[in-house]
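Notes to accompany the following structure.
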Number of protein chains: 2
Amino acid sequence: MPATIRDVARASGVHISTVSRTFSAPHLVNPETRGRVLACAEELGYRPNRAARALITGRTHNIGLIIADIANPFFPPLIKAAESQARQRDYHVFVADTNEDPVAEEELVHALAKQVDGVLLCSPRMSNSLIEQLSREVPLVVINRQVAGLPCVTMDVGQGARAAIEHLTGLGHRRVALLSGPRGSWTSREIRRAAGVAARAAGAELTVLGPNAPTETGGGALAEQVRRSEVTAVLAYNDLMAIGLIEELDAIGLRVPQDVSVVGIDDITLSRLTRPKLTTVATPTAAAGRTAVDMLLQHDAVAARGSRGGGRSGASDDRRTTAQVMLQTELVIRDSTAAVPADGRPRPEAGSVTPGPHRLAGPGRPTATTGGVVAS
Amino acid sequence: MPATIRDVARASGVHISTVSRTFSAPHLVNPETRGRVLACAEELGYRPNRAARALITGRTHNIGLIIADIANPFFPPLIKAAESQARQRDYHVFVADTNEDPVAEEELVHALAKQVDGVLLCSPRMSNSLIEQLSREVPLVVINRQVAGLPCVTMDVGQGARAAIEHLTGLGHRRVALLSGPRGSWTSREIRRAAGVAARAAGAELTVLGPNAPTETGGGALAEQVRRSEVTAVLAYNDLMAIGLIEELDAIGLRVPQDVSVVGIDDITLSRLTRPKLTTVATPTAAAGRTAVDMLLQHDAVAARGSRGGGRSGASDDRRTTAQVMLQTELVIRDSTAAVPADGRPRPEAGSVTPGPHRLAGPGRPTATTGGVVAS
DNA sequence: TTGAAAGCGCTAACAT
DNA sequence: ATGTTAGCGCTTTCAA
């Protein structure tokens with residue numbers, strides 16, 4: 001049975017309100033008294049009960065992090081960064097997995113709402129209007145998607161896709177396939193749009209394949225279509241699909257990058273460890289996690305100042321401060337892309353030379369990414 | 001401002017205690033009244049405030065999951081499974097990352113203690129005695145380690161290591177290196193012990209290298225030592241180290257499996273995607289997560305029944321029910337192991353043939369692993 | 001600078 | 001079957 005504020009009060013011979021102040025407003029209590037109280041608290045192993053505190057202050061010092069699929073290697077770095085950032089600010093993090101299910105997503109927001117000061121919605125599958133509606137119940141920061149009027153953190157995959165297509169056309173490719181991601185995914189739409197524009201600008205033809213599940217299996221399942229489409233290069237929705245595709249391409253006799261070049265998106269750890277190493281668009285996922293937490297907590301601080309006596313205001317009306325941040329991406333050139341084969345298409349024997357790995361810009365995976373900020 | 005129990009009471013014309021009962025003991029309230037209350041609650045979007053409820057019942061319906069490193073691919077499947085299992089039982093999960101730091105670990109248990117009904121300690125780095133002490137503050141289930149008197153979920157890496165060594169000696173290897181993991185890791189000790197026994201039994205020589213960080217870098221850093229030690233096979237503490245080692249071995253001119261065979265442990269997703277595909281000991285991490293949650297919640301249910309009026313009893317004295325579960329592991333043979341080279345050691349040209357992938361037993365990664373149960 | 005009192009949202013005896 | 005009452009651990013006016 002843990003010590004309560006009353007135990008400490010008794011032990012140090014003061015009223016409980018003095019103990020309370022010692023922890024929540026130390027400057028309001030006599031240094032001497034404070035010392036005594038602190039000593040007793042220490043002695044008894046007392047820690048304020050956050051839940052009880054939340055009941056009256058309206059701030060739980062918890063946040064919720066809702067993830068589409070924890071086991072997808074894209075997410076763990078984001079979760080880790082978000083948790084770390086939150087804890088540094090003395091917040092604890094509920095993590096929940098929706099299994100890509102929009103219904104679970106909504107239910108989770110409701111269930112968590114009372115226990116948190118805000119929710120980070122990562123790669124949401126639900127509709128914009130539902131997100132807006134939920135944001136009136138609890139402050140929301142949306143990750144990997146833009147919703148008008150709500151704070152969002154996205155990564156500039158459009159710019160990344162453009163860089164990828166330019167890299168490919170620069171290598172002489174004129175027929176490129178795009179493996180599209182989940183229907184309704186903001187990221188997928190962005191990629192498609194930008195890739196289309198870039199291909200047109202370079203006079204290349206872009207064939208859209210899919211959509212398919214954003215997994216190795218989903219990518220692998222498109223290998224046959226890739227072969228039939230007679231493209232010489234592929235841009236995949238993400239690294240997992242790219243890697244699955246490469247595997248399957250290999251199985252049907254097409255070599256990467258000799259016969260087909262493949263570019264992924266995300267730069268998950270895995271992409272450095274496959275053979276060939278994957279050329280990919282690095283997305284700053286850790287930075288996204290940190291940024292989202294910062295945005296939420298800043299928002300939270302504002303709300304705390306504004307409302308007295310435990311009011312929970314939701315996104316309310318301070319829309320003026322609602323920022324939308326887009327983080328920069330970076331093309332990382334490794335071994336899965338090469339110059340277009342001389343005869344233009346699949347050959348049984350290996351063809352051109354594999355280029356040594358090098359990078360387009362920057363010294364490595366951006367750890368402190370500067371984001372292009374777009375105020376809404 | 002979310003609806004409270006009072007709003008519902010007013011709207012449905014009953015006392016708040018009736019509303020309370022409608023949610024926490026529905027059978028005690030007249031079906032008709034219940035219907036009316038439920039309707040009003042629905043109407044108002046009322047949801048019981050768990051924190052307030054916890055204050056009086058002593059049950060938060062939250063659990064804590066403390067992880068050494070979320071970004072380590074070993075953990076996400078465990079986190080996912082634990083969260084899923086917990087939520088199915090109407091529990092929410094705090095996830096926290098310690099960065100492998102024992103101090104952070106302890107701090108986290110303290111900080112979370114008041115907000116959860118129990119904590120899952122995954123791969124703890126702190127001392128046994130400290131774990132025992134903390135278990136008096138909040139119910140604990142230990143994962144990946146055995147602590148006397150506490151509920152633990154482990155995987156039988158000893159058996160796995162033995163199978164790996166037998167596989168290797170069966171292929172003719174007589175000089176085997178063991179890449180040891182973090183000092184003080186229970187898993188690492190188990191592996192070392194079992195591998196030693198198995199090697200001795202087969203008349204093989206076991207050289208222990210390390211300990212080193214359980215990462216690709218840590219594994220890669222040992223490549224030179226592996227070469228100098230003149231072994232023909234290596235068992236690594238985990239897949240990450242195995243993969244890093246293979247990369248680095250490749251860089252210094254040793255081919256896997258032609259020159260050196262390498263076996264990992266864990267069977268992370270990655271191990272199926274590298275070239276060569278990794279032979280490894282599959283550990284049922286998802287099952288471990290589920291099992292740990294079940295053990296904690298069962299414990300919790302017992303405690304709830306035992307203590308009246310919101311007492312938190314810690315592990316207290318019902319040690320008799322404290323089970324220690326060990327989950328079975330399974331050797332998965334892929335492409336990183338082969339018969340020992342004819343001349344016994346490193347050759348510039350590729351040597352023996354790569355065996356086709358096949359499995360020792362079972363149809364795949366054990367999804368529903370049966371655990372050998374050891375009561376303590 | 002400290003104490004007294006009220007109350008956050010809810011549950012759990014005890015009455016009725 | 002429902003209402004009354006007390007109070008979980010804490011913060012926050014308001015007075016002293």
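Convention: sequence-line order gives letters A, B, ...; per-chain numbering from 1.
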With no hydrogens and no angle check, is any side-chain donor or acceptor of [X] less than 3.5 Å from a backbone partner on [Y]?
| X | Y | value |
| --- | --- | --- |
| B/Thr285 | B/Leu78 | no |
| A/Asp117 | A/Ile63 | no |
| B/Asn72 | B/Phe75 | no |
| B/Thr22 | B/Thr18 | yes |

Per the under-4.0 Å heavy-atom filter, residues of residues 37-50 of chain B near DNA chain D come out as none

Which whole-number value in Å describes the distance from [X] [atom1] to [N] [atom2]?
| X | N | atom1 | atom2 | value |
| --- | --- | --- | --- | --- |
| A/Arg59 | D/dC10 | CZ | C1' | 16 Å |
| B/His61 | C/dT11 | NE2 | C1' | 14 Å |
| A/Leu55 | D/dG7 | CG | C1' | 12 Å |
| A/Asp7 | D/dC10 | CG | P | 9 Å |
| A/Arg53 | D/dT11 | CZ | P | 4 Å |
| A/Ile5 | D/dT12 | CD1 | C1' | 12 Å |
| B/Ile56 | C/dA12 | CD1 | P | 6 Å |

Q.
salt bridge (Lys or Arg N to Asp or Glu O under 4.0 Å) for A/Asp294 and A/Arg89? Distances and angles first, verdict last.
A. CA-CA 9 Å; A/Asp294 284 344; A/Arg89 306 212 181 314; 2.9 Å; yes

Report task. Hey, can you tell me if A/His92 and B/Phe94 have their rings parallel, tilted or perpendicular (30° and 60° cut-offs)? Result -> perpendicular

For A/Asp7, the side-chain contact (heavy atoms from CB on, under 4.5 Å) test, sequence neighbours excluded, returns A/Ala3, A/Thr4, A/Arg10, A/Leu44

Throw together a table of side-chain donor-acceptor distances under 3.5 angstrom for residues 24-37 of chain B, partners on residues two or more places apart or in other chains.
unit_1	atom_1	unit_2	atom_2	d
B/Ser24	OG	B/Ser20	O	2.8
B/Asn30	OD1	B/Glu32	N	2.8
B/Arg34	NE	B/Pro26	O	3.3
B/Arg34	NH2	B/Pro26	O	3.4
B/Arg34	NH2	B/Val29	O	3.3
B/Arg36	NH1	B/Ser12	O	2.5

Considering only nitrogen or oxygen atoms on both sides, find all protein atoms under 3.5 Å from nucleotides 1-3 of chain C and state each distance.
unit_1	atom_1	unit_2	atom_2	d
C/dT2	OP1	A/Thr33	OG1	2.3
C/dT2	OP2	A/Asn30	N	2.9
C/dG3	OP2	A/His15	N	2.9
C/dG3	OP2	A/Thr18	OG1	2.7
C/dG3	N7	A/Arg21	NH2	3.3
C/dG3	O6	A/Arg21	NH2	2.6

Terminal axes of the helix from C/dT1-D/dA16 to C/dT16-D/dA1 (5 end pairs apiece), angle rounded to 10 degrees, sit apart by 30°

Q. Is there a salt bridge (Lys or Arg N to Asp or Glu O under 4.0 Å) between B/Asp69 and A/Lys80 once you walk through the steps?
A. CA-CA 8 Å; B/Asp69 176 13; A/Lys80 182 170 175 123; 2.6 Å; yes

Name the nucleic acid region contacted by B/Thr4, choosing base, sugar-phosphate or nothing; use a 4.0 angstrom heavy-atom cut-off, strictly under. sugar-phosphate

So salt bridge (charged side-chain N to carboxylate O under 4.0 Å, His left out) across residues 11-31 of chain A, not counting sequence neighbours, yields none

Under a 4.0 Å threshold between the charged nitrogen and the carboxylate oxygen, would A/Arg87 count as salt-bridged to A/Glu83? yes

